[in-house]
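Both backbone and side-chain heavy atoms feed into the values below; hydrogens, waters and symmetry mates do not. Note that the coordinates shown come from a computational prediction; the quantities given were computed from them, not determined experimentally.
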Amino acid sequence: MGTPVYMSPEQVQDSKRADHRSDIYSLGVTLHHLLSGAPPYDAGTDSNFAIFLKIVNEPLPRLPGNVPAHLQATIDKATAKDPADRFQDCGAFARALAAPQPAAGDATLLDDGPVPRPKPEALPPRPPALAAPEARPARRPLPPGARWAAIGLGAALLVALLVWASRPTEEDHWREALARGSAEGYEEFLQQHPDGDKAAEARVSLDWANRAFQRRNPGQRQDDAQAALAALLAALAYDSLAPTADLSSLRLFLASAQARGMNRADRDRARQQLERLAADSARVAGDAQLRADDDAYAEAKRQDSKPSYEGYIRDYPQGRHLAEARQAMERLATKADDDAYAAAKRQDSKASYEGYLREHPQGRHLAEARQAIERLATKADDDAYAAAKRQDSKASYEGYIRDYPRGLHLAEARQAIERLATDDDAYAAAKRQDSKAFYEGYIRNYPRGLHLAEARQAIERLEQAPQVPQAVRDLQASMVSISGGSFTMDELPAHQVTVSGFQMGKYEVTQAQWQAVMGSNPSGFQGCPSCPVESVSWDDVQAFIRKLNTLTGQTYRLPTEAEWEYAAGGGSSGRTKFAGTDSEGSLGGYAWYSANSGSKTHPVGQKSPNRLGLYDMSGNVLEWCSDWYGPYPSGAQTNPRGANSGSGRVNRGGSWHGGASYCRVALRFYYSPGGRSYYLGFRLARTP
């Protein structure tokens with residue numbers, strides 16, 4: 001692939017699209033580096049991912065104003081994003097570089113005045129045995145125009161070397177001489193290659209051609225017929241010509257030399273030679289065809305791939321190995337089908353089996369794949385109901401019914417909701433709010449309730465606990481219960497993930513809530529208490545969570561990367577590309593991003609929520625997750641916690657600063673745990 005900053009856009013997007021025009025792009029970037037004195041992108045600080053985005057989406061930075069216009073235009077063409085807009089060969093690139101020269105008065109990058117040299121330290125005396133070297137005359141700077149000419153000429157020479165590498169070889173010239181079959185052809189070859197590998201052979205053929213010409217036509221100018229006779233005699237004396245070339249020379253000779261009074265013996269000799277060569281040519285051609293057929297099939301067999309056998313059948317429709325090639329293709333098709341099903345079986349996910357059915361609609365394992373999909377669907381249904389039953393709350397059963405409208409446990413879920421709709425539901429609501437007023441309301445409304453003792457204990461706990469600020473109570477009240485389930489994390493390698501039920505903050509943590517817990521506000525966008533807090537590091541967030549948990553007696557935390565993506569995409573079914581929508585055109589109704597943010601954050605909850613009732617999961621600020629950044633595993637995972645270690649922590653969701661593509665729920669980012677940014681904040685999660 002090469003060094004990232006010199007890669008072409010097509011190499012970044014798909015290395016199989018690269019061709020010689022990719023090399024022309026890299027040469028243009030190299031010339032840009034030489035003229036500007038630095039790589040085109042900030043390779044010292046930008047990640048490879050950031051550099052790749054710039055290569056695909058941004059033009060090269062403009063060169064300084066004192067660079068001649070023709071060099072800027074040449075580099076622009078060589079580094080066009082579309083290969084069709086570049087120079088199509090190195091020769092054109094070299095000519096464009098060498099054609100115009102800067103005017104004598106143009107400023108140059110090299111003509112910046114004398115470079116100050118550091119004052120040398122005192123040196124020890126030179127030993128007397130060594131004579132002082134003769135002083136060199138000071139180097140005179142080249143005139144500005146000459147320097148630019150030197151730079152252009154050097155670049156042209158660099159490209160010309162590539163053109164020189166494709167020049168004709170001695171073998172190419174020898175084949176041309178044989179095809180001509182004349183003394184002039186051999187003479188030209190010897191002028192080009194006097195000491196070549198074929199020089200001795202060419203001299204023998206030339207000698208015979210010249211002697212035959214002198215014997216037949218002394219003092220006359222050689223013409224085509226005489227050249228053909230010379231080639232014939234040379235071929236008879238030195239068997240170096242291919243049969244087809246000999247036949248051509250003989251036919252030309254017999255067609256024209258007879259009128260010049262050639263004797264009968266020579267004519268008979270020529271006709272006999274023609275008949276012998278014609279027979280040899282047919283035999284050799286037949287043998288060559290058979291050898292070519294065998295060689296082509298052997299090469300197809302060596303590659304042992306469907307395209308190689310298809311190529312053999314296409315090139316040799318009457319070939320001797322057609323049956324073998326077709327059998328091999330059937331074998332490979334069967335193996336590909338079996339391998340595809342085995343791969344789907346290893347993943348053992350609905351997506352993998354559906355992928356097999358889509359790619360192999362006539363496959364041998366269709367019934368097995370469909371049965372596996374039914375098995376997984378049943379298991380997912382059972383697991384979802386079991387998770388709802390473990391939580392045993394109205395919200396969990398409602399989540400099951402919403403996610404599985406034709407589920408196997410609908411009747412049980414509805415009965416459980418009816419059971420919980422009275423006493424249990426009222427106490428659960430008080431417990432979710434976890435406030436003295438709600439527990440007192442439960443005791444007042446249910447004087448003989450099942451949870452009276454628990455409610456009184458909770459009131460006692462709250463009366464003894466420090467006073468919780470209203471901003472923190474608002475944070476507690478805004479937690480949303482998320483039912484567990486399974487989904488596919490799409491970033492490569494795509495893999496199946498199952499998460500248990502959890503709670504997620506409806507909104508990003510605000511500046512007011514941070515101020516209430518920490519006593520300060522680090523945000524870059526001040527004066528907006530309901531805007532998300534930002535410019536907080538991962539380590540800062542951990543300190544906030546410790547204080548919050550001490551203040552509330554709860555166990556808040558950051559969501560895992562898997563929990564975040566599951567919640568942002570809408571749960572286990574009906575998942576969307578962005579948080580709330582699949583369409584980039586409607587993204588503005590759900591997210592604050594570079595197209596509508598006005599380059600700042602906005603109060604939380606102003607845009608539409610996603611299907612789980614969560615706001616600003618795309619846009620506004622990036623959100624910290626608990627995981628270390630690392631590669632995904634390839635197999636299915638349950639409640640994954642990310643890599644064991646790393647240099648950066650994951651953050652997700654895009655921000656007011658980024659474009660629409662950065663708001664995809666599957667897109668990953670990472671940042672140093674101690675790093676802060678004015679587009680990076682967080683929201684909380686909690687395990688019930």
Side-chain angles (χ1 to χ4, degrees), residues 47 49 346-349 351 379-380 383-384 386-388 390-391 396 399 479-505 508-509 536-549 554-572 575 579 612 614 617 621-654 664-675 680-688:
S47 65
F49 178 76
R346 281 195 298 273
Q347 295 186 37
D348 197 36
S349 67
K379 182 178 184 302
D383 290 347
R390 282 195 298 272
Q391 294 185 41
S396 67
M479 299 300 289
V480 176
S481 293
I482 309 294
S483 300
S486 300
F487 73 110
T488 299
M489 294 187 79
D490 290 330
E491 291 296 290
L492 296 178
H495 60 290
Q496 189 80 1
V497 171
T498 300
V499 295
S500 301
F502 61 99
Q503 291 181 336
M504 178 78 88
E508 294 161 332
V509 173
V536 289
S537 69
W538 191 90
D539 295 331
D540 295 337
V541 173
Q542 298 308 306
F544 171 86
I545 290 174
R546 286 192 294 270
K547 283 194 172 186
L548 177 66
N549 289 342
Q554 301 296 320
T555 54
Y556 293 103
R557 58 179 173 82
L558 284 175
T560 67
E561 185 177 10
E563 288 173 338
W564 192 99
E565 184 172 333
Y566 178 79
S572 59
R575 296 184 58 76
L612 298 183
L614 304 176
M617 292 293 281
V621 290
L622 278 163
E623 299 178 11
W624 284 112
C625 295
S626 63
D627 307 47
W628 285 108
Y629 180 86
Y632 284 151
S634 57
Q637 300 283 307
T638 298
N639 293 325
R641 299 294 173 182
N644 293 327
S645 61
S647 60
R649 294 284 185 174
V650 174
N651 45 79
R652 292 295 206 105
R664 291 188 300 110
V665 298
L667 191 61
R668 310 176 75 199
F669 303 89
Y670 65 92
Y671 217 71
S672 167
L680 183 54
F682 69 105
R683 75 175 67 220
L684 294 174
R686 186 174 67 183
T687 302

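- For the pair Val499/Ile482, no side-chain contact is recorded, criterion being any heavy-atom separation below 4.5 Å from C-beta on.
- Although no hydrogens or angles enter the test, the distance criterion places no donor-acceptor pair under 3.5 Å between the side chain of Asp627 and the main chain of Thr560.
- No side-chain donor-acceptor contact under 3.5 Å links Thr488 and Arg575.
- When all heavy atoms are compared, the tightest approach of Pro633 to Pro493 is O-CG, 3.7 Å.
- Rounding to the nearest 0.5 angstrom, the gap separating the CD1 atom in Ile545 from the CG atom in Leu684 is 5.5 Å.
- One distance of note links CG of Leu548 with OH of Tyr556; it measures 6.0 Å at 0.5 Å rounding.
- Distance alone, capped at 3.5 Å, is enough to place a donor-acceptor pair between the Ser396 side chain and the Ala388 backbone.
- Taking all atoms of both residues into account, the shortest heavy-atom contact from Gly485 to Ser572 is CA-CB, 4.2 Å.
- With sequence neighbours excluded, the residues that form a side chain to side chain contact (heavy atoms under 4.5 Å, CB included) with Gln503 are Met479, Ser481, Arg686, Pro688.
- The closest side-chain heavy-atom distance from Val480 to Leu614 is below 4.5 Å.
- The structure places OG of Ser483 at 6.5 Å from OH of Tyr566, a figure rounded to the nearest 0.5 Å.
- Between Tyr629 atom OH and Ser647 atom OG the span is 10.0 Å, to the nearest 0.5 Å.
- Nearest approach of Ala666 to Asp490, heavy atoms of both residues: CB-CB, 4.4 Å.
- Aromatic ring pairs are classed by plane angle as parallel below 30°, tilted from 30° to 60° and perpendicular above 60°; the pair Phe544 and Phe682 is perpendicular.
- The minimum heavy-atom distance between Pro559 and Trp624, with the atom names listed, is CD-O, 4.3 Å.
- Scanning all heavy atoms of the two residues, the minimum distance from His495 to Gly635 falls at CB-O, 3.6 Å.
- You'll find the side chain of Arg649 reaches within 4.5 Å of the side chain of Trp628, heavy atoms only.
- Here the closest non-hydrogen pair linking Leu622 and Phe669 is CD2-CD1, 3.7 Å.
- Remark: side-chain polar atoms of Asp383 are not paired, donor with acceptor, to backbone N or O of Ala380 under 3.5 angstrom.
- Between the CZ atom in Phe487 and the CD atom in Glu565 there is a gap of 4.5 Å [rounded to 0.5 Å].
- From Gln391, atom CD reaches atom CZ of Phe502 across 10.5 Å, with rounding to the nearest 0.5 Å.
- Arg652 is listed as a side-chain neighbour of Arg668, based on a closest heavy-atom distance under 4.5 Å.
- Between Leu558 and Gln542 the shortest side-chain heavy-atom distance falls below 4.5 Å.
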